[in-house]
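Contents: one structure, followed by commentary.
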Amino acid sequence: MIVVLSKHISPHDREMIRIYLRDRGFALREQYFDDAVIIGATGKGVVDFQELRNLPGVEGVKATSKPYELASRDTKREDTIVTVGPVTIGGSRISVIAGPCAVESKTQIHETAAMVRESGAVMLRGGAYKPRTSPYAFQGLGMEGLEYMKAAGEALNMPIVTEVVSPELAVQMKDLTDMFQIGARNMQNFELLKKVGSLKKPVLLKRGPSATIEEWLLSAEYLLASGAWDVVLCERGIRTFETYTRNTLDISVIPVVKELSHLPVLVDPSHAVGIRAKVSPVALAAVAVGADGLTLEVHPRPDEALSDGPQSLYPEQFERLMRDIEAMAPVVGKELLRTPGPRYGRQTAKTQEGGLSVKSSDKVAFSGERGAYAEQALMRAFGEDTPRLSTASFRAVFDAVLEGSAMAGIMPVENSLTGSIHENYDLFLQYPDIAIVGELKLRIVHCLLGDPQAALDDIEILRSHPQGFAQCREFLDQRQWQLESYNNTATAAASIAKEKNIHIAAIAAEDAAKAFGLKVLKAGIESNPLNYTRFVIISRKIGDKAPPPPPSLGSDPPNKASLVFSVPDKPGSLFECLKVLSESGINLSKLESRPIHGQPWRYLFYADVSVPETTHIFEKILEELKTKTEDFRFLGAYRASL
Ligand code: PEP
Ligand code: MN
């Protein structure tokens with residue numbers, strides 16, 4: 001049963017409701033839900049609904065139709081994002097956990113941890129206590145193994161997850177692990193669930209090999225009702241008549257469970273298929289179907305593994321899989337979560353040289369309102385809970401970063417259907433203290449949004465950013481609507497919510513419909529589904545140097561740089577520049593010319609180039625390039641997104 005409290009309830013009335021429910025035999029969990037506080041009352045209590053409804057401060061009472069209440073989406077509509085130390089699981093990120101089946105030795109766990117981290121895993125897995133089918137098989141190193149794993153995780157800034165097999169061990173392991181794993185065989189060990197739940201640590205709950213969805217969610221309910229908040233579900237294959245694969249991955253369970261529950265869902269393709277060569281394709285399928293991440297077995301030498309060698313990936317296979325996941329994630333509207341480093345932003349201001357006083361801020365600036373594509377890109381790059389500064393224009397994003405009211409900003413610079421957004425490129429020339437520190441590609445699915453009462457046939461006027469119109473050209477060519485330009489798509493959507501006119505629609509993201517209570521009249525109206533926008537992350541230079549990229553984008557060294565230059569007005573001058581690049585083995589991935597304002601028929605060249613691994617070689621190449629150009633501006637070096 002769910003009791004919704006009034007937003008203005010007094011502390012006294014709230015306490016009276018708690019006492020009332022506890023006296024009648026309920027266990028209580030309070031949480032915020034759409035700005036209101038709700039109490040989830042579970043257990044065998046009996047209550048007079050009418051009497052409860054009439055208590056001061058009670059807004060409503062809902063009897064849930066599901067046997068699980070705290071795990072149900074009826075109780076909490078928005079997705080739960082679980083945090084394990086610096087790592088998040090859920091939301092728009094794909095979080096990958098990797099490591100060996102079992103901790104075998106100190107060196108094995110350190111070696112594996114370093115390898116999987118290098119390829120992009122954000123958490124380390126490994127069993128210290130192994131529930132094996134045969135009593136004669138390797139049972140794990142126990143507490144000693146856990147100590148090794150904790151040390152490896154700490155050394156590499158990776159939280160660890162390990163299986164707990166008994167309530168007594170749960171207590172002993174509590175301070176050594178960051179997350180408990182309840183193994184498939186123990187999914188319905190209710191005493192274990194109650195004990196682990198009461199320790200209030202994050203839990204990864206595997207689905208039992210023959211558990212129904214309802215049984216699985218009821219096990220999650222045990223954990224939640226006993227006190228755990230951070231519960232992640234994990235599908236790892238179920239038992240069917242098929243014996244070729246170790247288990248059968250129930251791929252359809254992911255969208256089903258995500259609808260029934262707000263909890264994040266991971267997939268363990270290793271235990272699901274049990275055959276190394278089949279793990280990667282199945283892992284990609286899991287991402288495609290909406291999993292919030294994966295847990296995978298990787299071993300430096302699988303043939304020597306003491307358990308589950310045949311299903312453990314070689315480090316090279318894991319690395320390749322991570323690249324494929326990274327490439328695929330934007331197609332399903334997600335981004336691969338990178339190993340978070342030290343907190344970004346504040347340190348930047350503190351380490352400022354030369355006494356320049358730039359105000360420190362935690363915010364990241366974007367142009368537009370809630371629901372803007374730039375806001376989606378911002379959340380992908382920095383994380384959902386990043387404080388945001390919404391601004392009215394792209395220039396205002398530069399201003400905010402320059403004067404320090406934002407630690408960074410996000411700017412769209414190029415679209416796969418319509419090309420470069422020149423006015424944003426031009427801003428870089430006007431702000432020499434701003435550098436590009438990262439990039440991110442976002443898939444853009446445009447929707448036609450209208451008043452909740454509107455139908456497609458009512459529309460006469462259409463509002464959007466000119467890019468929105470351009471990317472939906474084919475859809476618009478079939479209609480005679482009057483077009484009105486706005487600074488960005490979300491502002492166009494917001495104007496419709498304000499005016500409540502059924503004849504006006506906007507081209508914007510589905511998120512904007514949610515943010516402003518609008519109706520999606522038609523989804524996916526972009527001219528081609530392969531519609532991506534490239535955003536760059538901008539930051540203020542410290543002295544002459546650009547600050548590091550947000551840790552969430554990873555700590556890999558830059559491999560791409562953006563430059564702007566003009567060349568003398570004489571034969572072969574551009575060729576001379578390109579020759580420098582070509583002879584140094586630098587790849588030119590983009591070259592574009594732009595008119596120079598105030599100098600008709602003279603042009604600036606915008607170039608994207610590859611960055612060699614050795615920094616001083618690159619600096620030399622740039623020095624040489626400068627001698628061949630007239631104006632030369634280095635916009636920044638950063639890690640290319642796929
Ligand atoms: C494991 O992840 O180490 C494991 C034993 O998995 P499961 O409980 O899913 O069999
Ligand atoms: Mn295993």
Side-chain angles (χ1 to χ4, degrees), residues 1-83 88 90-91 194 196-203 217-218 220-231 260-264 361-363 369-371 375 379 383-390 452 494 497-498 500 511 514-517:
M1 169 180 66
I2 307 297
V3 183
V4 184
L5 304 185
S6 140
K7 280 188 187 133
H8 309 293
I9 188 169
S10 69
H12 172 264
D13 287 347
R14 194 161 159 177
E15 187 52 28
M16 293 313 288
I17 295 167
R18 286 188 194 123
I19 294 170
Y20 178 92
L21 291 167
R22 281 206 196 99
D23 283 354
R24 282 157 184 79
F26 290 99
L28 309 185
R29 274 301 284 269
E30 292 179 27
Q31 55 196 44
Y32 284 89
F33 175 56
D34 289 353
D35 289 341
V37 175
I38 60 160
I39 299 181
T42 50
K44 288 222 174 76
V46 184
V47 77
D48 175 343
F49 276 90
Q50 203 48 48
E51 190 177 89
L52 176 59
R53 262 190 204 108
N54 289 335
L55 291 183
V58 172
E59 190 112 321
V61 179
K62 266 198 295 186
T64 43
S65 52
K66 311 270 183 350
Y68 43 89
E69 296 190 13
L70 300 172
S72 165
R73 230 187 239 283
D74 296 347
T75 308
K76 183 168 179 277
R77 226 181 310 150
E78 72 275 20
D79 288 340
T80 286
I81 298 178
V82 163
T83 44
T88 57
K194 282 193 263 181
V196 168
S198 75
L199 298 175
K200 301 192 190 319
K201 290 203 82 133
V203 189
L217 290 174
L218 277 166
E221 189 77 9
Y222 260 97
L223 291 166
L224 294 165
S226 323
W229 279 110
D230 291 315
V231 176
L260 295 175
S261 174
H262 52 87
L263 298 174
S361 167
D362 271 355
K363 290 188 179 154
E369 316 205 14
R370 276 178 308 143
E375 190 192 34
M379 291 191 289
E384 260 89 358
D385 55 356
T386 301
R388 292 153 225 176
L389 180 70
S390 141
K498 228 176 274 155
K500 301 192 190 328
D511 279 10
K514 286 192 199 129
F516 301 113

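Across every non-hydrogen atom of Ser261 and Ala71, the tightest pair is OG-O, 2.6 Å.
Residues forming a side chain to side chain donor-acceptor pair (under 3.5 Å) with Thr80 (at least two apart in sequence, or on another chain): Lys76, His262. Under the side chain to side chain contact (heavy atoms under 4.5 Å, CB included) criterion, Ile81 pairs with Thr88, Glu384, not counting sequence neighbours. Residues that satisfy the side chain to side chain donor-acceptor pair (under 3.5 Å) test with Glu59, not counting sequence neighbours, are absent from this structure. Take His8 and apply the side chain to side chain contact (heavy atoms under 4.5 Å, CB included) test, not counting sequence neighbours, and it matches Ser6. Every residue was checked against the side chain to side chain contact (heavy atoms under 4.5 Å, CB included) condition with Pro452, not counting sequence neighbours, and none meets it. Legend: residues meeting side chain to side chain donor-acceptor pair (under 3.5 Å) with Arg29, ordered by chain and number and at least two apart, are absent. Every residue two or more places apart in sequence or in another chain was checked for a salt bridge (Lys or Arg N to Asp or Glu O under 4.0 Å) with Lys500, and none qualifies. Residues satisfying the side chain to side chain donor-acceptor pair (under 3.5 Å) test with Lys66, not counting sequence neighbours, are Asp74. With sequence neighbours excluded, the residues satisfying salt bridge (Lys or Arg N to Asp or Glu O under 4.0 Å) with Glu375 are Arg388.
Met1 places a side-chain heavy atom less than 4.5 Å from the side chain of Leu52.
Residue pairs meeting the salt bridge (charged side-chain N to carboxylate O under 4.0 Å, His left out) criterion with at least one member in residues 16-26, sequence neighbours excluded, are Glu15-Arg18, Arg18-Glu30, Arg24-Glu51.
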Atom pairs and distances, donor-acceptor, side-chain atoms in residues 222-231, under 3.5 Å, two or more places apart:
unit_1, atom_1, unit_2, atom_2, d
Ser226, OG, Tyr222, O, 2.4

